[in-house]
Amino acid sequence: MSTASESAPEPPWSPASWRDRPVAQQPAWPEAALRSATDELREIPPLVFAGEARSLTDALALAANGEAFVLQAGDCAEAFSAFSANSIRDKLKIILQMSVVLTYGTGVPTVKIGRIAGQFAKPRSSDTETRDGVELPSFRGDIVNDFAFEAEARRPDPQRLLRGYHQSASTLNLLRAFTKGGYADLAQVHAWNQDFVTASPEGRRYETLAGEIERAMRFMAACGIDLNAERKLHEVDFYTSHEALLLDYEEALTRQDSITDDWYDCSAHLLWIGDRTRQLNGAHVEFLAGVQNPIGVKLGPTIEPDEVVALCKRLNPDLRAGRLMLISRMGQDLVADRLPPILEAVRDTGQPVVWACDPMHGNTFTHSSGVKTRRFDDVMSELRRFFDACYTAEVWPGGVHIELTGENVTECLGGTDEVLGDHLEDRYETMCDPRLNARQALDLAFQTAELLRR
Ligand code: PEP
Ligand code: CO
């Protein structure tokens, strides 16, 4: 018999159950056009399949247990305009280079996850943007509306969901070809170094390391090991991820696995919940609680330890290793204060999470020239403090989450081949947050490997 004090039973989860919850950060879609676009998405093939998401869960379980390290990296926002084989290849190159540096430097495998093939939608701090007295809807990423500051361009257009899906499919197709078809072969380790990187101190350091790897492989071959037969030397597992922001899109790509009957969001292998949409009773948490993909959660400086514990319980009630990656993005000033009580609280619940650091999003500021930037030194300082906090709490620092591009852009300040304030505008190309260029990213990988070796 129920009493008035008992709360009503939770309705069962379904891919649509998020619709009964408060939902943040959704565009004001025109309804009929949205329905027609999502009806089409529901019918077309998934981008990834459930077995791959399970393999990533297994790989992340190793990272939760101190036996692997996660590198999650890519653009802040992919663009419809910057879509080419070269840009995909160059992003893959720098991620492969960083992975080699991390794996060689630490002796544990690197789990490679791109912010790619679906990282289009952006949360915004304001629904509108005002310029010279004109107020228009904010730009929310190419999958929603257009960057140009014009009324027509800023109108959310559901056909963009389909274009985003198709660009993701082509991107993923090329990534699969590169990573399984010979390009990611360790024998190519020199070829990943791009010209503008080779000339830098990090580039030269990388060349030395690549030479050592080649020597080690020649040594193994001389010992009679058949290197051709070792699949793992010739191809890599590369996973995709994005922020699961647009729930209409994610729902439409959510499918029931025929092997396990479980639900998977087949838009990417890993989905993460952003710092602005992590409300315990909100729609994003409800949606991701029910899909079986590995899930990331960004933890900004306003979150309290008991909220993190509650989120873990809701998203991973069965304490499955590899299901959850908690991504601290506190900022270099706050991380030493804010993170330790969270690490301890979660550790004490026995949650086998991957602890990762996003040293980018808490360290953004507006330069006097008016553009958004980040200092390489602040990024490194947050990473160092994150590692310190993990070591003190006796948890494994399991990964980094970085915004980068393979190109020689000038969006973040500093690094060994220093980008100075006056250079910011030379090649400032991001539509959203400032990204590390390939040299800065490689530098970060070398320094992170040193932190991990401690
Ligand atoms: C992002 O990763 O681009 C982002 C918006 O992050 P956060 O939710 O941590 O602010
Ligand atoms: Co960003």
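Note: hydrogens, waters and symmetry copies are ignored here, and every other heavy atom, side chains too, is used. Whatever order the structure lists them in is the order used to number ligands and atoms, beginning at 1. Please read all numbers here as calculations on a predicted model, not as lab measurements.
Close contacts of ligand 1 with Glu403, meaning ligand atoms under 4.0 Å from a residue heavy atom, involve 1 (C), 2 (O), 3 (O). Within ligand 1, the atoms closer than 4.0 Å to a non-hydrogen atom of Lys298 are 1 (C), 2 (O), 4 (C), 6 (O), 7 (P), 9 (O), numbered from 1 in the order shown. Near Cys76, with a cut-off below 4.0 Å to any heavy atom, the atoms of ligand 1 are 3 (O). Residue-ligand proximity, Arg329 to ligand 1, at heavy-atom distances under 4.0 Å covers atoms 7 (P), 9 (O), 10 (O).
For the residue pair Ser84/Asn86, the side-chain donor-acceptor check at 3.5 Å is not satisfied.
With hydrogens left out, the protein atom closest to atom 4 (C) of ligand 1 is His361 NE2, 3.4 Å, a heavy atom. Closest protein heavy atom to atom 8 (O) of ligand 1: Asp275 N, 2.9 Å.
Residue His401 has no N or O atom closer than 3.5 Å to an N or O atom of ligand 1. Remark: ligand 1 and Asp358 share no N or O pair separated by less than 3.5 Å (distance only, no angle test).
For the pair Arg115 and ligand 1, a heavy-atom separation below 4.0 Å is found. For the pair Gln119 and ligand 1, no heavy-atom separation below 4.0 Å is found.
With the Co ion (ligand 2) as the vertex, SG (Cys76) and NE2 (His361) define an angle of 180°, rounded to 10°.
Annotation: side chain of Pro22 is not in contact with side chain of Gln279 (no heavy-atom distance under 4.5 Å).
Look at Arg124 and Glu129 and you find no salt bridge, because none of the NZ, NE, NH1 or NH2 atoms lies under 4.0 Å from a carboxylate O. Using a 4.0 Å cut-off between charged side-chain N and carboxylate O, Arg374 and Glu411 make no salt bridge. Between Glu52 and Arg176 there is a salt bridge, with a side-chain nitrogen of the basic residue lying less than 4.0 Å from a carboxylate oxygen of the acidic one. Salt-bridge check for Asp142 with Lys122: failed, with every basic side-chain N at 4.0 Å or more from each acidic carboxylate O.
Here the shortest heavy-atom distance to atom 3 (O) of ligand 1, taken over Lys122, Glu243, Arg276, belongs to Lys122. Distances from atom 5 (C) of ligand 1 to the heavy atoms of Ala121, Pro123, Gly274 show the closest one on Pro123.
The minimum distance between the Co ion (ligand 2) and any N, O or S atom of Asp433 involves atom OD2. When the Co ion (ligand 2) is compared with the N/O/S atoms of Glu403, atom OE2 turns out nearest.
Between Trp13 and Phe287, the ring planes are tilted. Angles from 30° to 60° get that label.
Here the OG-OH distance, from Ser267 to Tyr165, works out to 11.0 Å after rounding to the nearest 0.5 Å.
The distance from the Co ion (ligand 2) to the nearest N/O/S atom of Cys432 is not under 2.8 Å.
In this structure, Arg205 is positioned above the aromatic face of Phe446, its NZ or CZ under 6.0 Å from the six-membered ring centre and within 45° of the axis.
Separation of the Tyr264 and Phe49 ring centroids does not fall under the 6.0 Å cut-off.
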